[in-house]
J.: 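A single structure is presented below for examination.
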There are 2 protein chains.
Amino acid sequence: MPATTRKGAATRQRIIEGAAAHIREHGVAATTLDDVLARTSTSKSQLFHYFPGGREELLLAVARFEADRVLEDQQPQLGDLTSWPAWQLWRDKVVDRYRRQGRLCPLNGVMSHLGNGTPGAQAVVTELMNRWQAELAAGVRHMQGAGEIDPALDPDRTAAALLAGIQGGVLIQMSTGHTTHLEAALDLTLAHLRTPTPSTTSPSTAPTPA
Amino acid sequence: MPATTRKGAATRQRIIEGAAAHIREHGVAATTLDDVLARTSTSKSQLFHYFPGGREELLLAVARFEADRVLEDQQPQLGDLTSWPAWQLWRDKVVDRYRRQGRLCPLNGVMSHLGNGTPGAQAVVTELMNRWQAELAAGVRHMQGAGEIDPALDPDRTAAALLAGIQGGVLIQMSTGHTTHLEAALDLTLAHLRTPTPSTTSPSTAPTPA
DNA sequence: GCTAAAATGGACCCGCAAGTCCAATCTGAG
DNA sequence: CTCAGATTGGACTTGCGGGTCCATTTTAGC
């Protein structure tokens, strides 16, 4: 990716952000290279200069860009899950962020349009999920240290469940337009964390840790 | 959709299933109309005869087809959530189904390729989610009737959270290839259902029912 | 200021895949 | 048997959009 000059780097960035913006407004399918060029006042040669891989490489760059935003938008709350009110603040921020975003999930859109099997795409999503889950798990551990969460709970597994709930909630919101499911998932999982102790009462089948 | 003759209806169905199969194997983007024609031994005029809306209408039909499969594949367990072992059986079936399916989620693929905003697409997904959630809620209510689940829990909201966890788990699996998150979400939510009573201990911020 | 490398403009190419058209053949009701 | 409508075959058109190329201008180190 030849971006040696300051000017060049700026142009490259402008293309990425322009593409991201256009995708947010019209979706991936309805975003052609020419659209991006027109919007960013650049020429085709520039685009292919900075993204030799063409459309695919550009989409990947956009995916990275959007993935970073996802976590940034949850800060500073996500990094400070140290009390129940703090968790609640974070919860509200997540709901608000996705409610505002509306039906278009740029990241999911981009991902499915370049195939989830693509190594590059896979790397972007995997890293996002790992970082996200790690922050949540850190929060859980902190609360365990403070004696607010049952120490018997596996922080990583709990964080994984929470993360899955968020993803699913957002996914459903993309179709229905409502954040009901997202909120339900968040609230139920948080309620479970607050629950003092499972106190092994029902001798039913225990969840096998796979 | 002119499918007046028995023969015609058969052809129409053959096209749908052929398209669905090809999409399952190669993804939506890599599925052209000619691919479908070759696979189903049909001609272009037939495809446009039965699907005047062209590619889009065909994809929508495939979406409907796949949506039906989703619930069918969970039966009969999904319709019989009447004991903890039964819930466990269903849980295992879901995990197994998606593990088998692998990285390709035909439905999600189709959906994002015709835009989640499309009225038709939206209808398909919404109906699927509604039916799914209704079955889960029915299961919760049954268990409440049997005194196995805290009657204070809102069955629909609980089902919504469970559904979100599943969707997110599957979504993550599409990128990572692992069912870890799906299992974590299912197990945590089911564990929460088994928990006797929240027994209002922590006076922290209560989840606002929106 | 000189020059090599970087950056830019934009015309051009080209293949693919969606969609059109008409002519030929089959189906089934009366 | 007959005929209208349903079904089928497949050649043809078309436009879009990704990608290539080269000529020109700008940058920045010396």
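Letters A, B, ... mirror the listed sequences (proteins, then strands); counts begin at 1.
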J.: Quickly work out the A/His49 NE2 to C/dA5 P distance and round it to whole Å.
T.: 13 Å
J.: Could you check how far CZ of B/Phe51 sits from P of C/dT20, rounded to whole Å?
T.: 16 Å
J.: Round to the nearest Å and state the distance from A/Tyr50 atom OH to C/dA6 atom P.
T.: 10 Å
J.: Between D/dA11 atom P and B/Leu33 atom CG, what is the distance in whole Å?
T.: 17 Å
J.: Distance criterion of 3.5 Å, no angle test: do you see the side chain of A/Ser45 paired donor-to-acceptor with the base of C/dG9?
T.: yes
J.: Are B/Ile16 and B/Phe51 side-chain neighbours, meaning at least one heavy-atom pair lies under 4.5 Å?
T.: yes
J.: Quick one: B/Arg14 CZ to D/dT8 C1', roughly how many Å, whole number?
T.: 11 Å
J.: Are B/Glu66 and B/Ile23 close enough, and set up right, to give a side-chain contact (heavy atoms from CB on, under 4.5 Å), and what steps lead you there?
T.: CA-CA 11 Å; B/Glu66 292 287 359; B/Ile23 287 174; over 6 Å; no
J.: Provide, to the nearest angstrom, the distance between the CD atom belonging to A/Glu56 and the P atom belonging to D/dG17.
T.: 18 Å
J.: Is any side-chain heavy atom of A/Leu171 less than 4.5 Å from a side-chain heavy atom of A/Gln167?
T.: no
J.: Cut-off 3.5 Å, side chains only: do B/His142 and B/Thr82 have a donor facing an acceptor?
T.: no
J.: Choosing from D/dA28, C/dG10, D/dA11, which nucleotide comes nearest the side chain of B/Lys44?
T.: D/dA11
J.: It should be established whether B/Thr11 places a side-chain nitrogen or oxygen under 4.0 Å from OP1 or OP2 of nucleotide D/dT8.
T.: yes
J.: Which of the following nucleotides, C/dA7, C/dG9, D/dG18, is nearest to the side chain of A/Lys7?
T.: C/dA7
J.: If you pin A/Asp34 and A/Phe48 to their nearest nucleotides in DNA chain D, which one's is more 5'?
T.: A/Asp34
J.: Whole angstrom is fine here: how far is it from NE2 in B/His113 over to C1' in C/dA17?
T.: 15 Å
J.: Quick one: is C/dT8 close enough that its OP1 or OP2 comes under 4.0 Å of any side-chain N or O from A/Gln46?
T.: yes
J.: Can you find a heavy atom in the side chain of A/Arg55 that is under 4.5 Å from one in the side chain of A/Leu33?
T.: yes
J.: Return the value, rounded to whole Å, for the distance between atom CD of B/Glu57 and atom P of C/dG19.
T.: 11 Å
J.: From C-beta outward on A/Ser43, which listed nucleotide comes closest to its side chain: C/dG9, D/dT26, C/dA18?
T.: C/dG9
